[in-house]
Amino acid sequence: MIASPGGVAEWPKALVLKTSEGRPSESSNLSPSAISMQSSPPGVSYDCYRRIMMFCLNVHGDPASSQSVHSALQFAKATVASGHEIYRVFFYHDGVRIADCNQVPPQDESNLLQQWIEFAEEHSLELTVCIAAALKRGVLNEDERARYERVAANVYPAFSVVGLGQQIEAAISCDRTITFPG
Amino acid sequence: MRFLYLLRRPPYSGSLAAEAIDSILVAGVFDQRVSVLFKDDGVLQLLKDQQGQLLGHRSVNKMLAALPEYEIEELFVCARSLAERALSLDQLSLPVQVLDEVGQQTLIAAQNVVMND
Amino acid sequence: MTRVTIQLDKDGFLVHLTDWNEVTAAELAAAQNIELTEAHWELIHLVRRFYSQFEVSPAMRPLVKQVREQLGEDKANSIYLMQLFPGSPAKLLAKIAGLPRPTNCL
Amino acid sequence: MTSLHLIFSAKGLRSCLGIIQPEDALLLIEDGVYAVLEDSATRLHAIEDDLVARGLQNLHADNVQRIDYSGMVELVARHQPIVSWH
């Protein structure tokens, strides 16, 4: 039986899973009354049924002067731990600087780049940086280095350098788009 | 899908406004239903007679004028943000619809995706 | 007559947009095996007007829209544009017309 | 569906307060958690790490529900669109 609150009709790719056993959301400290609930069908409690969702993340902030790269990572980790999926992480504006492999964080600060890379490898996450925003900020992969005849490529290989179309395509393909602005 | 771009930055804080417009134009190319809400300092992007080249930038009002060419014609501006800056519609470079708070609520509630500058 | 060297990037776009003139355009076109005719020039001038008005290089759809408005319905289709600027007309036109690489090319 | 507003600054909260619907959810995140010092009327969620990191853990009022990132994931899953206010 498939049941879902809020009407499956709104969710064209609806995949409703019964997850009463080992429900990943049990790690949440939200009490059911703490968040506004969609009305549930009679006799069906919202938490009995969960649907796996696809999220995409836009990350806009400079890793050195904003928290957004950090928060986005914490959110991405919680997303995977909750059983949902990350379709793509798109770094735009100053967010593209996270891909610069020349970052040397002080020993007493966390290495955000390293954390993103490890997390992405572990979960086969697609990390992308916007090519136009990256070029402007001196974040170049080998192709762009050669194209513009610059001295050195500095994009960590875990990141693909892509066009803005990837940002829009991800938003179209996902259930939710979440932006961490700078 | 319905995309709303919520633009709240002034036009020349670095390249942020111009980069957001680049993203809007691509959303237009993807055949999505795209609308734009100018709010807070974002309304300043619409002022006429900008000369961004003096700052080494593209003129944001000119880029915005391309939106109708990409068939993006649902442009909205927050009434309060205009009033706070004592701006009137004839000072803006594009035809926009003024939305009060209820209008903005309705607009946002109708979206699948809200993007930021 | 002085010889000038014009800097192109690896994809053949002008490094300095101010280097553009009609002679440059003809050479940029020749490098793509295109001999410029009147039909090419009216499109080159059209996209240059677009850029001076909007400061963005047009993607395909706004290009077709402008062609419809300025040059007429019979030219406002991608087949016509592809015949003149084969492959990716919006990108090739930007290159030959001395506009920046379209940031929104997909 | 109803919206989730992610509030990244006190300025962002002021901007969005006028246009939230009663069923919308609001989440303070990053520097947005400083808004707990200004607003004690609106029902808000706040990221616990962001409160605690800034020494605000004892300064927020009853209107603020502390959640962790998995709580944020739940909020995101239950609302659409997600609106960010920098």
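Computed from heavy atoms alone, side chains included, the values below leave out hydrogens, waters and symmetry copies. Throughout, a chain's letter reflects where its sequence line sits, starting with A, and its residues are numbered from 1.
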S.K.: Under 4.5 Å heavy-atom distance to chain D, tell me which part of B:L6 shows up: side chain, backbone, both or neither.
M.R.: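 Contact with chain D is through the side chain of B:L6 alone.
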S.K.: Is there a side-chain contact between D:H86 and B:D117 in this structure, where contact means two heavy atoms from C-beta onward sitting under 4.5 Å apart?
M.R.: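 Touching, per the 4.5 Å side-chain cut-off.
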S.K.: Rounded to the nearest 0.5 Å, how far does CG of B:D41 lie from NZ of D:K11?
M.R.: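 One gets 6.5 Å once the value is rounded to the nearest 0.5 Å.
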S.K.: Contact part of B:D40 toward chain D, heavy-atom cut-off under 4.5 Å: side chain, backbone, both or neither?
M.R.: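 The answer is the side chain of B:D40.
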S.K.: Determine, step by step, whether B:Q111 and D:V83 satisfy the side chain to side chain contact (heavy atoms under 4.5 Å, CB included) criterion, reporting the C-alpha distance in whole Å, the side-chain angles of both residues, the deciding distance to 0.1 Å, and the verdict.
M.R.: CA-CA 10 Å; B:Q111 304 302 320; D:V83 191; over 6 Å; no
S.K.: For residues B:I108 and D:Q21, determine if any side-chain heavy atom of one lies less than 4.5 Å from a side-chain heavy atom of the other.
M.R.: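 A side-chain contact under 4.5 Å is absent here.
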S.K.: Is there a side-chain contact between D:I20 and B:Q105, using heavy atoms and a 4.5 Å cut-off?
M.R.: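 They are not in contact (no side-chain heavy atoms under 4.5 Å apart), so the answer is no.
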S.K.: Check each atom of D:S84 against the heavy atoms of chain B and say whether the ones under 4.5 Å are side chain, backbone, both or neither.
M.R.: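 Both backbone and side chain.
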S.K.: Nearest heavy-atom pair of D:S3 and B:A109: which atoms, and what distance?
M.R.: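 Answer, listing the atom of D:S3 first, then B:A109: OG-CA, 4.4 Å.
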S.K.: Can you tell me if B:R58 has over 12 outside heavy atoms packed within less than 6.0 Å of its CZ?
M.R.: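 Enclosed.
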S.K.: Rounded at 0.5 Å granularity, tell me how far CG in D:L6 sits from CG in B:N116.
M.R.: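 That separation rounds to 9.0 Å.
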S.K.: Below 4.5 Å, heavy-atom pairs only: which of B:M115, B:Q104, B:R2 has the largest tally toward chain D?
M.R.: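 Heavy-atom pairs under 4.5 Å are most numerous for B:Q104.
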S.K.: Report which part of B:D100 has an atom under 4.5 Å of a heavy atom belonging to chain D: side chain, backbone, both, or neither.
M.R.: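 For B:D100, there is no contact with chain D at all, as no heavy atom is under 4.5 Å.
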